[in-house]
A.B. asks: 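One structure coming up, written as C-alpha cells, with questions to follow.
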Amino acid sequence: MNDKSFYLVFAYPTTSGALHVGHVRSYTLPDIIAKYHLSKGENIFFPVGFHATGSDAMKIFNAIKADPDKAESYGIPRDGIDKINEPADVVKVLASSYIGLFRKAGFSLNYDAAISTIDPAYSKVIEWQFRKLHELGYLIQKDYQLPWCPNENQPVHLDASESDIASFKGNKVIKYDLVLFEGDLPLMGYTMDLSGLLGSITLEINPKEKYAEAVIDGKKVVISEKAIGKLLNLDRDIKKIRDVAIGGTDSLKILNPITHERVTIRETPFEIADGTDIKIIADAKTEESKKHHNATAGDEVYKKLEASNRIDTMQELSAKPVYCRCGAEVIVKTIKNQWFIDYGNRDWKESAKKLVDNISTFPSGYKDELYGIIDWLGPRPCVRRTGLGTKFPFEDGWIIEALSDSNIYMAIYIIAEAVNSGKIHVNSISDELLDYVFLGKGEMNEVSSTTGIATDTIKALRDRFESTYPLDVNFGGMEHKSVHFPFFIFNHAAIFPEKYWPRAIFLNWHVISNGAKMSKHLGNYVSWNDALNTYGTDAVRLYIASGAEQWSIFNWSNQVAGETKTRLVEFINQTRRLIKLSTNSNSTGDNETIFDQWLLSKLNSSIQSVTAYMDRYEIRPSIVEAFSDMTGHLSSYLSYNKINNKTLKTFIEKHLAMLYPFIPNTSTELLRDLGVDKAQIKWPSIEKERINKKLENVFNSLDNTIKDLNSIRKIKNKYQENENNTCYLYVSTDEEKIIYEEAKERLTKTAGINEIVVFKVGDKDIYDPENRASRAKPFRPAIFMTG
RNA sequence: GCAGGGAUGGCAGAGUCUGGUCAAAUGCGCAAGGCUUAGGACCUUGUGCCUUAGGGCUGCGUGAGUUCAAAUCUCACUCCCUGCACCA
C-alpha cells in the first residue's frame, strides 16, 4: 500500500515500579526515529502499551496494603493510592503515571492506541493467538521441573536481581545425566558430561552419606538416601529396598557400561551432597581424551546407554542448600503435563530462520546471533498458576505467562485503537473478526453478522492493519536478545503470512549509573522524573542520544548530564543571538562570498550524511554531526567575519530542523523565533548542487595551515621575541589564493601573525628569499615567516 | 556450562567493518591570553615527550604475527561487563 505508515514500537514497560533513566534510553531512541520520519512528512504509527502480566502488580498491591508509605517507592504517586482497590488498579495508576512521563518527555506516541496486557481486548487477541498455535501443533505438554518451596507449596524465583537472598544469586535448576553401572552393585552415577565415559573414569562416593538400594521405574539402582528423597520430590516412581554400604571397599567390581573397563572407586574429600552422591569423574589426563569432551560424543554415549536402559536424569539446584524466605529448604519439583510452546519444533525453527533472512538488525551482528539462538531454543513453559494475565484457553486454572503473551502485541494495537475510540466493543472481538482483520480470512459479511460490527468498520480495521503492518522496527533492550525477540520472530513466522513479517529489530544496551548497576541501595538510582526535572527534556534527550553508541553500556553521570544541559543552554543563547543578527536589517551583505559557498556546501554535506545515518538508525553519529560538527562549521564561518544574513538564516533554519528529532522543544522554540511554525518543521532536503568538495578541501587546508603557522611561531617564540612577524604564504592554485586572501583576517588573528602576504607559485613579483615556494603543494601552502 | 559485548589520552567517548589522510573527532577538565569593576558567560590559543620552520620519538589492555605501513587485520593471553526459560 502506498499510504503505509512507518510503524515502530518499543518493548513496552512492565508496570513494576518507577521508570528510571534506563527506560529513557530505551524509549528516546525510538522516539528520535519516530520524529525523524514525522519530520520527513511520513505517517507514523508509534503506539505504547504496558506489560502487566505476572505477579508484579500483586506484589505491589500487597506491599502497599501492608504499608501505604511504600507507595512512592513503587512509583505510585500519593494521589494514586486511593484509587487502588485491587491489583489491576496498580497497573492503571502506574500506566497513567508512565503516560504522564512520556508526555512530559514529548514523545510522539499514539496515545489513543494504549493498552495493557490485562485489558480484556488484549486477552481476546492472545486467546486467538494461542488457538492458532494449538492448531499448528505448537502447544505441547510435558513434565517440568522447577524450584519449589514445599512449605508454601509454590514456585520459588531464584532471581538474583529481585532477591536479597545471597544463595539465590546465579542459582538455577540443572540437569544431571544418571548412568547405571555394571558389576557387583547397580551403582547409579551422575554427570553433566557423558562424553567422559568414553575414557577411563573414577567414581567418587561421599563417606558422610548413607546409600541404599532402590527400585526406580522397575529398575534396581544404588544411590544415596538423599537422592531417593530428591527423586521423590521430582514425582518419580521410586522405592527404597535396603541399606547398602559401599564405603571403604576395594573388592567391589564395577564396570563402565560404555568401555566395560573396571572403574576405581574413591571417597570424596568434599562434604557437599550432590546428584546421586556417586560422581562420575573422567580421568582427563591427556589432551587426547579432552577431544572426546564434546556434545556429539555425549549424544553417542547417551544413545548407547539408552539402548541398554542404563540412562536416567534428575534435576536439582546448582548450589545447595537454598532456603526460602519462609525458612524451608527449596526443592526441585516436577510439574506433570505442563503446557509448553514448542520452540524446539524443527519446521517452526526453519520458518523462523526464513523470517530472520529478511530482517535487518541494529547492530547488524545480532542477525547472525539469531540463527544460533533459534537453533538453541527448546520448548518453553507458557502458563503459570498465579498472577495477572490471560486465562489459558485449553485448561482451567492456568494463566498465560508474561513472555508468551507479548509477542504479537504490535497487531493488538490496531484492535486497541478501535476499542479505545469506541468503534468496536470488546465483547464483539471474535476469532472470525481477528482472522479477517489480521489474515484477510473469511467473508466480511459473515464476520459482520456474527460479531454485529458494521461492514465498513470491519473494512476500516482491515485497511488500518494493512496500512500499518508489517512492523518496520521493534526497539528493545539487550536483555530481550535471547528471549523476547526470538519469540516475537517465532510467533510472527507461525501466525502471519510472509508479507506481514517484521522488518527490523533495534537493540540498545543498558544504562548504568556512575559505573555501577543502578540501585536504590547504592544511591545511584536516577528516576526519569528527577532527570527531567533536573536537566530538562531536551538535555536528557541530547545526553542519551550522544552519550554512547547503542551497543555499549551507557554510563549515566549526573555531572555529564549537567554539562550537557549547560551546552544546550549555550547553544540556545548563541542561536538566539544569531537569529537576531540574521534578521537585523542593518547588517550588510547580500552578496554570496566564498565563505557563504563554503558554509552552504558544509550544510548540505551534513544534511546528506546525517540523512544517511538516520536511515541506518545510526543515532549517535547523527547527533554528533548534526549538533557538534555543524555548530563548529558555523563558528568557523563566523570567525571569518564576512557574515551574510541570508546564508546565516538558511543555515540556522535547516540546522534547527535537523535537530528537531533530537531536541524537539529547543528546535521548535528557536524556529518559532525565525517565524517557522511547528507544523512546518521539515527535515531539510539536500541541495546537491550546493556541495563543493573542492572548496571544502581548501577550507580544510586553511585549518591545517593555521596549525602549521602556530607550530612554527611557537618554536620561534621560544628563542626570540616576536615583534613584527610577517608571514608569506605560497599557494598552488588561483582558487586557494582567493580564499587565503579573503581569510587573512582570521589567519592573522588565530595564528598570532602581524601580517600575511599570499603569493601564488609562479607570481612575477613573488617575494621568496628562502625559496620556500618550491615546497608548496595543492591544499598545502608553503610558508616563510620573518621575525 | 552456553552465548554476547568491552578494554583508546586527566575524564567521558568516537575511530576498528573498508590498514596509511590518527598524537587520534567531540565534550568536559586544566593552562594562557582577550573581554569584564569582579565573578560567571563568551571569544582565541594551548594541553604525551623532544625540537630555533611545518620535523622526530613514544603511544590506543598484554604478548606474538601479517604488512612498505596496524588503535584498525590474525593468533594467544589477561581483566571487566551482560544475557540464558517459567523473572518481566
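Any value given below was found using the heavy atoms of this structure, including those in side chains, with hydrogens, waters and symmetry copies removed. Below, read A as the first sequence line, B as the second, and so on, with proteins coming before strands; counting in each chain starts at 1.
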A.B. asks: Who pairs with A:Arg567 by side-chain contact (heavy atoms from CB on, under 4.5 Å), at least two apart in sequence or on another chain?
C.D. replies: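 Checked A:Arg567 against side-chain contact (heavy atoms from CB on, under 4.5 Å); matches are A:Phe627, A:Ser628.
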A.B. asks: Quick one: list whatever passes side-chain contact (heavy atoms from CB on, under 4.5 Å) with A:Arg775, sequence neighbours left out.
C.D. replies: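 So A:Arg775 forms a side-chain contact (heavy atoms from CB on, under 4.5 Å) with A:Arg772, A:Ala782.
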A.B. asks: What is the separation between atom OH on A:Tyr613 and atom C1' on B:C17, rounded to the nearest whole Å?
C.D. replies: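 So the two atoms are 14 Å apart, to the nearest Å.
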A.B. asks: Determine the contact category for A:Gln574: base if any of its heavy atoms lies under 4.0 Å from a base atom, sugar-phosphate if only primed atoms, P, OP1 or OP2 are that close, otherwise nothing.
C.D. replies: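 Since no nucleic acid heavy atom lies under 4.0 Å of A:Gln574, the category is nothing.
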A.B. asks: Let me know the distance between OH of A:Tyr728 and C1' of B:G54, rounded to the nearest Å.
C.D. replies: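 Rounding to the nearest Å, OH of A:Tyr728 and C1' of B:G54 are 18 Å apart.
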A.B. asks: Applying salt bridge (Lys or Arg N to Asp or Glu O under 4.0 Å), name anything that partners A:Asp143, two or more places apart in sequence or on another chain.
C.D. replies: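 Partners of A:Asp143 under the salt bridge (Lys or Arg N to Asp or Glu O under 4.0 Å) test: A:Lys336.
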A.B. asks: Under 4.0 Å, counting only non-hydrogen atoms across every strand here, what does A:Ser635 touch: a base, just sugar-phosphate, or nothing?
C.D. replies: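 Result for A:Ser635 = nothing.
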A.B. asks: Between B:G83 atom P and A:His484 atom NE2, what is the distance in whole Å?
C.D. replies: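 Taking NE2 of A:His484 and P of B:G83, I get 17 Å after rounding.
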A.B. asks: Classify A:Pro781 by what it touches in the nucleic acid, base, sugar-phosphate, or nothing, heavy-atom distance under 4.0 Å.
C.D. replies: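 Base, at least one base heavy atom under 4.0 Å.
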A.B. asks: Whole angstrom is fine here: how far is it from CD in A:Glu618 over to C1' in B:C17?
C.D. replies: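 About 11 Å, once rounded to whole Å.
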A.B. asks: Give A:Gly378 one of three labels, base, sugar-phosphate or nothing, depending on what nucleic acid heavy atoms sit under 4.0 Å from its own.
C.D. replies: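 A:Gly378: base contact, heavy atoms under 4.0 Å.
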A.B. asks: With pairs taken as Watson-Crick or G-U wobble and both distances under 3.5 angstrom, which stems of at least three consecutive pairs involve RNA chain B?
C.D. replies: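 Output for stems: B:1-7 with B:78-84, B:10-12 with B:26-28, B:29-34 with B:42-47, B:48-50 with B:55-57, B:61-65 with B:73-77.
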A.B. asks: Quick test: give all pairs of protein nitrogen or oxygen and nucleotides 1-9 of chain B nitrogen or oxygen below 3.5 Å, distance rounded to 0.1 Å.
C.D. replies:
| from | atom 1 | to | atom 2 | distance (Å) |
| --- | --- | --- | --- | --- |
| B:G4 | O2' | A:Lys481 | NZ | 2.6 |

A.B. asks: Base, sugar-phosphate alone, or nothing: which one does A:Val483 contact when heavy atoms must sit under 4.0 Å apart?
C.D. replies: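 The residue A:Val483 makes base contact.
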A.B. asks: Who passes side-chain contact (heavy atoms from CB on, under 4.5 Å) against A:Thr15, sequence neighbours left out?
C.D. replies: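 So A:Thr15 forms a side-chain contact (heavy atoms from CB on, under 4.5 Å) with A:Phe50, A:Ala52, A:Val91, A:Leu94, A:Tyr98.
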A.B. asks: Any idea which of B:G83, B:A88, B:A14 is nearest the A:Asp56 side chain?
C.D. replies: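 Between B:G83, B:A88, B:A14, the one nearest the side chain of A:Asp56 would be B:A88.
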A.B. asks: Heavy atoms from C-beta onward define the side chain here; which of B:A85, B:G83, B:C28 lies closest to that of A:Gln559?
C.D. replies: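 Looking only at side-chain atoms, A:Gln559 lies closest to B:C28.
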A.B. asks: Quick one: A:Lys707 NZ to B:U47 P, roughly how many Å, whole number?
C.D. replies: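 Atom-to-atom, A:Lys707 to B:U47, this comes out as 10 Å.
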A.B. asks: By salt bridge (Lys or Arg N to Asp or Glu O under 4.0 Å), which residues pair with A:Asp703, not counting sequence neighbours?
C.D. replies: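 With neighbours one apart ignored, the set is A:Arg746.
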A.B. asks: Taking atom C1' in both B:U58 and B:C22, what distance in whole Å separates the two?
C.D. replies: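 Rounded to whole Å, the distance is 14 Å.
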A.B. asks: A:Phe554 has an atom CZ; how far is it from atom C1' of B:G27, in whole Å?
C.D. replies: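 Spelled out: CZ on A:Phe554 to C1' on B:G27 is 13 Å.
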A.B. asks: Have a look at A:Leu377 and say if it touches a base, only the backbone sugar-phosphate, or nothing, with a 4.0 Å heavy-atom cut-off.
C.D. replies: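 Base contact.
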A.B. asks: Under the rule for side-chain contact (heavy atoms from CB on, under 4.5 Å), what residues qualify as partners of A:Glu570, not counting sequence neighbours?
C.D. replies: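 A:Glu570 satisfies side-chain contact (heavy atoms from CB on, under 4.5 Å) with A:Thr566 only.
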A.B. asks: Parallel, tilted or perpendicular, judged at 30° and 60°: which one describes the rings of A:Phe490 and A:Trp348?
C.D. replies: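 Plane angle over 60°, so perpendicular.
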A.B. asks: Between P on B:A85 and CG on A:Asp143, what's the gap in Å once rounded to a whole number?
C.D. replies: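 Rounded to whole Å, this separation is 20 Å.
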A.B. asks: Please tell me which of the listed nucleotides, B:A53, B:A88, B:G13, lies nearest to the side chain of A:Asn555?
C.D. replies: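 Shortest atom-to-atom distance from the side chain points to B:G13.
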A.B. asks: Counting heavy atoms from C-beta on, name the nucleotide in B:A85, B:A14, B:G83 closest to the side chain of A:Arg620.
C.D. replies: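 Among the listed nucleotides, the one closest to the side chain of A:Arg620 is B:A14.
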A.B. asks: What nucleic acid atoms does A:Ser16 come within less than 4.0 Å of, heavy atoms only: base, sugar-phosphate, or nothing?
C.D. replies: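 Touches nothing.
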A.B. asks: Pairing donors with acceptors under 3.5 angstrom, does anything connect the side chains of A:Glu479 and A:His510?
C.D. replies: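 Yes, side-chain donor-acceptor contact under 3.5 Å.
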A.B. asks: Please state how far atom CD in A:Glu549 lies from atom P in B:U16, giving the value in whole angstrom units.
C.D. replies: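 So the CD-P distance, A:Glu549 to B:U16, works out to 10 Å.
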A.B. asks: Taking atom C1' in both B:C17 and B:C28, compute the distance separating them and give it to the nearest angstrom.
C.D. replies: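 Rounded to whole Å, the distance is 30 Å.
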A.B. asks: In terms of the angle between their ring planes, are A:Phe699 and A:Tyr640 parallel, tilted or perpendicular, with boundaries placed at 30° and 60°?
C.D. replies: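 Perpendicular, since the angle between the ring planes exceeds 60°.
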A.B. asks: For A:Lys481, what residues pass the salt bridge (Lys or Arg N to Asp or Glu O under 4.0 Å) criterion, not counting sequence neighbours?
C.D. replies: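 Salt bridge (Lys or Arg N to Asp or Glu O under 4.0 Å) list for A:Lys481, sorted by chain: A:Glu369.
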A.B. asks: Using the six-membered ring wherever Trp is involved, compare the ring planes of A:Tyr728 and A:Phe759 and label them parallel, tilted or perpendicular (cut-offs 30° and 60°).
C.D. replies: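 Judged by the thresholds at 30° and 60°, the geometry between A:Tyr728 and A:Phe759 is parallel.
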A.B. asks: Which residues pass the salt bridge (Lys or Arg N to Asp or Glu O under 4.0 Å) test with A:Lys349, not counting sequence neighbours?
C.D. replies: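 Checked A:Lys349 against salt bridge (Lys or Arg N to Asp or Glu O under 4.0 Å); zero matches.
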A.B. asks: RNA chain B: A:Arg780 or A:Val624, which has the more 5' nearest nucleotide?
C.D. replies: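 That would be A:Val624.
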A.B. asks: Could you give all pairs that pass the salt bridge (Lys or Arg N to Asp or Glu O under 4.0 Å) test and reach residues 553-564 of chain A, with sequence neighbours left out?
C.D. replies: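 Checked against salt bridge (Lys or Arg N to Asp or Glu O under 4.0 Å) - neighbours excluded - no pair reaches residues 553-564 of chain A.
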A.B. asks: Within residues 562-572 of chain A, find the residues that approach RNA chain B with a heavy atom at under 4.0 Å, and present them sorted by residue number.
C.D. replies: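 Going residue by residue through residues 562-572 of chain A, the ones with a heavy atom under 4.0 Å of RNA chain B turn out to be A:Glu563, A:Arg567, A:Glu570.
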A.B. asks: Which part of the nucleic acid does A:Tyr343 contact within heavy-atom distance under 4.0 Å: base, sugar-phosphate only, or nothing?
C.D. replies: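 Here A:Tyr343 touches no strand at all.
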